[in-house]
Number of protein chains: 2
Amino acid sequence: MDTAPSHRLPTLDEVAERAGVSRSVASRAINNEINVSPAKRDAVQRAVEELGYVPNRSARALATNRVGAVVLAVSTSHPGAFADAFFAQIIYGISSALERTDFTLTLVLAGSPEGSAKLKRIVRSRRADGIMLMNLHGGDPLAKLAEQTAMPVVFGGRPLGGEPRWYVDVDNRGGARLATEHLVDGGYRRIATITGPLSLDVAEARYCGFRDAMAVAGLSPDRVEHADFTEAGGAAAMTRLLRAHPDLDAVFAASDNMAAGALGVLRAHGRAVPDDVGVVGFDDLRIAQLTYPQLTTIHQPVQALGEEMTRMLLAIVDGARPTPLLLPTRLVVRGRVISTWCT
Amino acid sequence: MDTAPSHRLPTLDEVAERAGVSRSVASRAINNEINVSPAKRDAVQRAVEELGYVPNRSARALATNRVGAVVLAVSTSHPGAFADAFFAQIIYGISSALERTDFTLTLVLAGSPEGSAKLKRIVRSRRADGIMLMNLHGGDPLAKLAEQTAMPVVFGGRPLGGEPRWYVDVDNRGGARLATEHLVDGGYRRIATITGPLSLDVAEARYCGFRDAMAVAGLSPDRVEHADFTEAGGAAAMTRLLRAHPDLDAVFAASDNMAAGALGVLRAHGRAVPDDVGVVGFDDLRIAQLTYPQLTTIHQPVQALGEEMTRMLLAIVDGARPTPLLLPTRLVVRGRVISTWCT
DNA sequence: CTGAAAGCGCTAACAG
DNA sequence: CTGTTAGCGCTTTCAG
């Protein structure tokens with residue numbers, strides 16, 4: 001039915017004229033303000049439908065100084081890091097939190113200098129109402145940007161050194177404690193850990209959780225090697241651990257990738273998993289189900305992280321002053337299940 | 001009481017005043033137009049620096065009817081599908097193509113009804129200058145939207161049924177031919193294929209490529225099963241193939257996931273790969289390196305796909321009328337390499 | 001409740 | 001080359 005003139009989009013004035021009211025009344029009706037008589041409100045409603053009117057956002061933004069967009073800035077230095085299912089899930093979470101609102105998601109890969117310059121421009125030119133910052137490593141230049149701007153910023157994960165005013169984080173410490181407790185419950189006693197780079201808050205927090213659990217169990221937490229969250233790094237760390245502590249009977253790896261690397265090395269050394277050595281990972285990535293044996297690990301609510309960050313940011317934009325949030329993790333026990341193709 | 005920035009952002013008038021010129025001269029200087037004297041141009045330049053002026057994009061957008069944003073709309077019905085490294089790479093490509101421009105990327109997950117409604121609103125309210133549409137399945141409602149709007153639309157991959165005016169695609173047909181030829185060259189003769197759902201153009205194209213190669217080799221292309229691109233689907237299809245064509249000596253699976261599923265089934269049936277049965281996949285996903293043996297497969301330039309789509313869209317927004325693009329694929333031969341943990 | 005009028009900050013058309 | 005004058009389409013006082 002719509003003989004929509006494909007080029008000229010209807011304006012508010014046209015709606016007002018058609019409804020036989022003034023432009024300001026039309027505006028009020030459209031924005032659901034109270035001071036409009038039912039009759040005129042209906043007339044406007046109808047005119048909107050008939051004309052297929054949608055307010056021009058640029059004009060509205062100019063008048064209200066509210067853009068209707070939030071940006072997700074991902075600070076990742078090397079290309080590969082973003083190409084990870086993790087971000088897809090974050091984005092999915094954000095997207096579903098935005099679904100019922102009139103906000104739009106702007107994505108900025110701010111790892112490169114150009115990217116962070118772009119983010120800066122976005123802020124200065126008021127192209128967004130707020131920012132979500134993911135994946136900051138210690139001393140990230142974006143952290144400064146965040147402090148200098150008046151635009152609301154919500155952090156995904158705490159950056160090391162300094163609690164930002166607003167953040168949503170996964171309970172990494174609690175998760176690591178859970179993982180380690182699981183090993184303790186399994187009867188293991190000489191438990192080692194492979195940590196991530198301690199310049200990252202995640203790595204730090206997981207290491208703390210490990211020590212928490214070890215202390216509670218009265219075990220010595222000194223079988224420790226540091227790595228970089230990668231599979232290769234995990235393998236190297238496992239090799240070092242075996243050399244330094246040949247008596248170890250379990251390993252908590254602070255990421256599934258590192259755990260996978262460790263599994264390979266353990267097997268190469270003839271240590272059976274989980275009979276000789278227990279292994280627990282962290283993240284519950286796809287890889288945790290591709291190893292043999294499948295990895296017991298800590299699941300993080302990644303999608304929820306995206307959703308909650310968004311909800312928090314919108315609340316702030318709306319004038320609220322919420323408190324930071326910690327999202328619970330959960331243990332996923334996998335054991336000797338045989339994966340489809342690694343029979 | 002309100003969250004307004006502590007210090008007002010500088011406006012063009014302030015720059016003009018500081019530089020001692022009229023607002024229009026300031027505007028021209030800032031936009032690098034020609035008709036400005038060097039002296040005034042410098043003065044404006046300096047004022048901009050000193051004040052840290054960045055044009056307000058909403059105002060500019062309102063005046064020029066150009067927003068400075070492109071949207072990537074991903075049409076995916078079920079949650080999991082977006083959580084894939086594929087999109088991360090696409091986004092990475094887009095992002096790098098956008099890096100040197102003043103355009104911003106808006107991401108819309110348009111699989112759900114709400115999502116596609118949102119996309120529609122974005123178009124109608126002129127919140128973007130152009131759209132990139134990924135992952136359309138036959139009869140996708142977004143295809144209609146694309147036709148109705150005057151906003152430029154670039155497709156990532158051709159939707160089935162009808163060549164859109166502008167698209168960038170991967171040479172799926174050529175890739176499938178490559179894969180099949182590789183099997184032929186390997187001495188296999190009774191080659192089967194597991195296709196994707198033929199309602200997708202990708203699946204159709206890869207199936208065509210298979211038949212191309214079989215025809216050229218003078219082989220019969222009738223060992224065929226259809227699946228859904230998933231691992232489970234691939235496994236089921238492989239089972240059906242073995243029952244229907246127990247003599248088969250090779251399989252071209254139209255995706256790595258399906259190939260992985262097929263590998264498991266082949267092994268369960270005691271068929272050694274690649275000695276008894278040759279297997280080639282498509283996509284070159286991470287999983288191709290996690291199977292045993294690692295998968296020979298067809299690599300797609302995913303990041304380049306994102307880049308070229310963006311470049312094309314920006315060109316169109318700029319008034320150009322480019323021709324569609326096909327990106328080449330390449331064969332990755334893997335064979336018996338032993339992966340780290342599946343010793 | 002209603003409408004007229006004054007901007008939001010920028011660009012663009014037009015005379016000087 | 002330069003400045004003046006109108007808007008872009010919407011919101012928002014402020015009188016009626």
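Small disclaimer: the values here were computed from a predicted structure and weren't measured. Sequence lines set the chain letters: A, B, ... in the order given, protein chains first and strands last, and positions in each chain run from 1.
Using a 4.5 Å cut-off on side-chain heavy atoms (C-beta onward), B:R158 and B:L326 make contact. A 4.5 Å side-chain heavy-atom check between A:R127 and A:V67 finds every atom pair outside the cut-off. In this structure, the side chains of A:R165 and A:R321 come closer than 4.5 Å at one or more pairs of heavy atoms.
The distance from atom CG of B:N56 to atom C1' of D:dC10 is 14 Å, rounded to the nearest whole Å. One interatomic measurement links the two molecules: CG of A:L62 to P of D:dG7, which rounds to 17 Å at whole-angstrom precision. Atom CD in B:E14 sits about 11 Å away from atom C1' in C:dG9, given to the nearest Å. We find that CZ of B:R57 is positioned 9 Å from P of C:dT11, with the value rounded to whole Å. Rounded to whole angstrom, the span from the CG atom of A:D42 across to the P atom of C:dC1 amounts to 14 Å. Computed from coordinates, the B:R126 CZ to D:dC10 P distance equals 13 Å when rounded to whole Å. Between A:L12 atom CG and D:dT11 atom P there is a gap of 7 Å when expressed in whole angstrom units. As a whole-Å value, the separation of A:E17 CD from C:dA4 C1' is 17 Å.
Residues B:V25 and A:D13 each lie close to DNA chain D; by heavy-atom proximity, the contact nearer the 5' end of the strand is made by B:V25. Mapped onto DNA chain C by nearest heavy atom, B:A63 and A:R23 fall at different nucleotides, with A:R23 at the one closer to the 5' end.
Of the charged side-chain nitrogens involved, none lies within less than 4.0 Å of a carboxylate oxygen, so that B:E99 and A:K118 do not count as a salt-bridged pair. Taking a cutoff of 4.0 Å between a charged side-chain nitrogen and a carboxylate oxygen, B:R311 and B:E307 qualify as a salt bridge.
With hydrogens and angles ignored, no donor-acceptor pair under 3.5 angstrom links the side chain of B:T11 to the base of C:dG9. One donor-acceptor pair, N or O on each side, does fall under 3.5 Å between the base of D:dG3 and the side chain of B:R28.
Contact check, A:S27 against D:dT11: a side-chain N or O comes under 4.0 Å of OP1 or OP2. Contact annotation: B:N35 does not reach the phosphate of D:dT2 (side-chain N/O to OP1 or OP2, under 4.0 Å). Distances shorter than 4.0 Å separate none of the side-chain N or O atoms of B:S37 from OP1 or OP2 on D:dC1. In this model, the phosphate group of D:dT11 is approached by a side-chain N or O of A:N31 to a distance below 4.0 Å at OP1 or OP2.
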Can you list the steps and then say if A:R23 with A:D13 is a salt bridge (Lys or Arg N to Asp or Glu O under 4.0 Å)? CA-CA 6 Å; A:R23 181 165 77 248; A:D13 296 79; 2.8 Å; yes
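Of the candidate nucleotides D:dC10, C:dA12, C:dC10, C:dC10 has the atom nearest to the side chain of B:P55. Side chain of B:K40, nearest nucleotide from C:dC10, D:dG3, C:dA12: D:dG3.
Nucleic acid contact class of B:N65 (heavy atoms, under 4.0 Å, all strands): none. Contacts of A:S24 with the nucleic acid, taken as non-hydrogen atoms under 4.0 Å apart, include base atoms.
For the P atoms, the distance linking D:dG3 with C:dG9 amounts to 22 Å, nearest Å.
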